[in-house]
2 protein chains.
Amino acid sequence: MNSAESAVETIQREMTIFARRARASAGRMHPELSLVSYTLLSHLEEQSGCRATDLAAHYALDKSTVSRQVAALERTGLIERRLDPEDHRVQVLHLTEAGEEILTQVTHSRRAAFHERLADWPEEDLVRFAAYLERYNAGRGDSGPA
Amino acid sequence: MNSAESAVETIQREMTIFARRARASAGRMHPELSLVSYTLLSHLEEQSGCRATDLAAHYALDKSTVSRQVAALERTGLIERRLDPEDHRVQVLHLTEAGEEILTQVTHSRRAAFHERLADWPEEDLVRFAAYLERYNAGRGDSGPA
DNA sequence: GGTTCAAGTTGTACTATACAACTAGAACGC
DNA sequence: GCGTTCTAGTTGTATAGTACAACTTGAACC
C-alpha cells in the first residue's frame with residue numbers, strides 16, 4: 001500500500017472516530033440544544049429565515065422530521081413561523097430573540113471548546129487543516145462517506 | 001479576527017457539517033451494519049476480542065447500550081460470547097466468521113467511497129490531512145467538541 | 001373547475017441512547 | 001470464612017431523532 005492509500009485509510013478511520021464521538025457527545029455538551037437543533041438555528045440565522053422544506057433539502061432530512069424539530073423549537077420559543085402572504089402553504093421560519101441569544105451562547109461555548117482543543121496548534125497548521133476540511137466537505141452533495 | 005481564529009471557526013463549522021452528515025447518512029450507506037455496529041465489530045477485530053465493558057469505555061457508551069448492541073450482533077450471528085473461565089462475570093466477545101465477512105465487505109465499500117471522494121487529491125495533501133485528523137482526534141479523551 | 005403538484009402535519013414504528021434498579025459473581029478485610 | 005463492597009452485565013423505562021405513509025390544505029395549470 002503506497003502512502004496515498006494509507007493516508008486515505010487514516011482519513012477514513014479518523015473521520016469515523018470523529019463522527020462517532022460527535023454523535024455520542026453532542027447531547028452532553030449543550031443539553032438545551034442538540035446538534036441538529038443547533039445546525040437548524042444556525043441555518044436560519046445565516047439565511048435570515050427560510051422554509052421547512054429548505055431545511056429538509058439542505059440537511060437531507062425527511063420533511064416530517066423537520067416538521068417535528070421545528071415544532072419543538074417553536075414550543076421552546078426559539079423560532080417563530082410567519083405565514084408567507086404570497087402562498088399560504090408556506091411558513092417562513094425566523095429566529096426569535098431568545099433563539100438568537102441561545103444560538104450565540106452555544107456558538108460561543110462550542111467555539112471555546114474548539115479553541116481549547118486547538119490551542120497548541122501552530123497557525124500554519126490550523127489554516128491548512130481548515131482548508132482541507134472545507135475541501136473535503138465541498139467534495140460532494142450528500143452521498144458518499146458521511 | 002486573525003487568521004488562526006478564523007481557521008478555528010472554519011474547522012468548527014466544517015467538523016459540525018461533517019458530523020451532521022455522518023449521522024444522517026450512516027444508516028443509508030450500509031443498512032446491514034450501522035456506524036456503531038461497524039465500529040464495534042472493527043474494535044473486536046483489532047483487539048482480537050474484548051469485553052463489553054471495554055467497548056463501553058472505549059466508545060464512551062453506557063454499558064446498557066453496549067449490552068443491547070452486543071445482543072443484537074449476537075442475534076444476527078456476527079459475534080459470539082465466550083465465558084471467561086477465570087471470571088464468570090466476564091463474556092469475551094469475538095467475531096464469528098459471518099461477522100468477519102460482513103466487516104470485510106463493509107470496510108471495502110467504505111474504503112471505496114472514501115477513495116472516490118479523495119481521488120483527485122495530491123498525495124502530499126492526503127498525507128497532511130490524515131496527520132491533522134489524527135492529531136485532532138488524539139487531542140483529548142472524550143470531552144470537548146465532538 | 002377538476003386534476004395535479006407542493007408544503008406541512010400526524011400516525012406509527014424503529015434505533016440508539018441514558019439512567020436506574022437489579023442479579024451474579026469476585027475480591028477484600030478482618 | 002463470611003459479610004461488605006466492587007465489577008460485569010441485563011432489564012425496565014424513558015427520550016430523541018429518524019423514516020415512511022397517509023392525510024390536509026392551498027396553489028397552479030390546463
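Order of the sequence lines sets the chain letters (A, B, ...), proteins ahead of strands, with each chain counted from 1. What you are looking at is a predicted structure, and each value in this text was computed from that prediction instead of being measured.
Note: B:H43 and B:H58 have tilted aromatic rings, judged against thresholds of 30 and 60 degrees for the angle between ring planes.
Taking OH of B:Y132 as the start and CG of A:L126 as the end, the distance is 8.5 Å to the nearest 0.5 Å. Between atom OG1 of residue B:T104 and atom CG of residue B:L95 there is a gap of 9.0 Å, rounded to the nearest 0.5 Å.
B:R51 comes within 4.0 angstrom of sugar-phosphate atoms only, judged by non-hydrogen atoms across all strands, and of no base. When heavy atoms are screened at a 4.0 angstrom cut-off, A:V66 is found touching no nucleic acid atom at all.
We find that OH of B:Y59 is positioned 12 Å from P of C:dT17, with the value rounded to whole Å. Atom-to-atom, CD of A:Q91 to P of D:dA27 comes out at 13 Å; the value is rounded to the nearest Å. Between the CG atom of A:D54 and the P atom of C:dA7 there is a distance of 8 Å, rounded to whole Å. One atom, CG of A:D62, and another, C1' of C:dT10, lie 12 Å apart when rounded to the nearest Å. In this structure, CG of A:L93 is placed 14 Å from C1' of C:dT9, rounded to the nearest angstrom.
Contact check for B:Q12 versus A:H115: no side-chain heavy atoms found under the 4.5 Å cut-off.
For A:S64 and A:S67, the side-chain atoms include no donor-acceptor pair closer than 3.5 Å.
Figure legend: A:R110 and A:Y38 shown as a cation-pi pair, the cationic atom lying under 6.0 angstrom from the six-membered ring centre and within 45 degrees of its axis.
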Do any N or O atoms of the protein come closer than 3.5 Å to N or O atoms of nucleotides 22-25 of chain D, and which pairs are they?
none

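Under 4.0 angstrom from either OP1 or OP2 of D:dG9 there lies at least one side-chain N or O belonging to B:T53.
Comparing D:dG9, D:dA27, D:dG17 against the side chain of A:H88 picks out D:dA27 as the nearest. In the set D:dG26, D:dT18, D:dG17, the nucleotide with an atom closest to the side chain of A:R68 is D:dT18.
Near DNA chain D, defined here as any heavy-atom distance below 4.0 Å, the residues from residues 69-87 of chain B are B:R81, listed numerically.
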Starting from the C-alpha separation in whole Å, work towards a yes-or-no answer on salt bridge (Lys or Arg N to Asp or Glu O under 4.0 Å) for B:R135 and A:D125. CA-CA 11 Å; B:R135 185 161 154 200; A:D125 289 338; 3.3 Å; yes
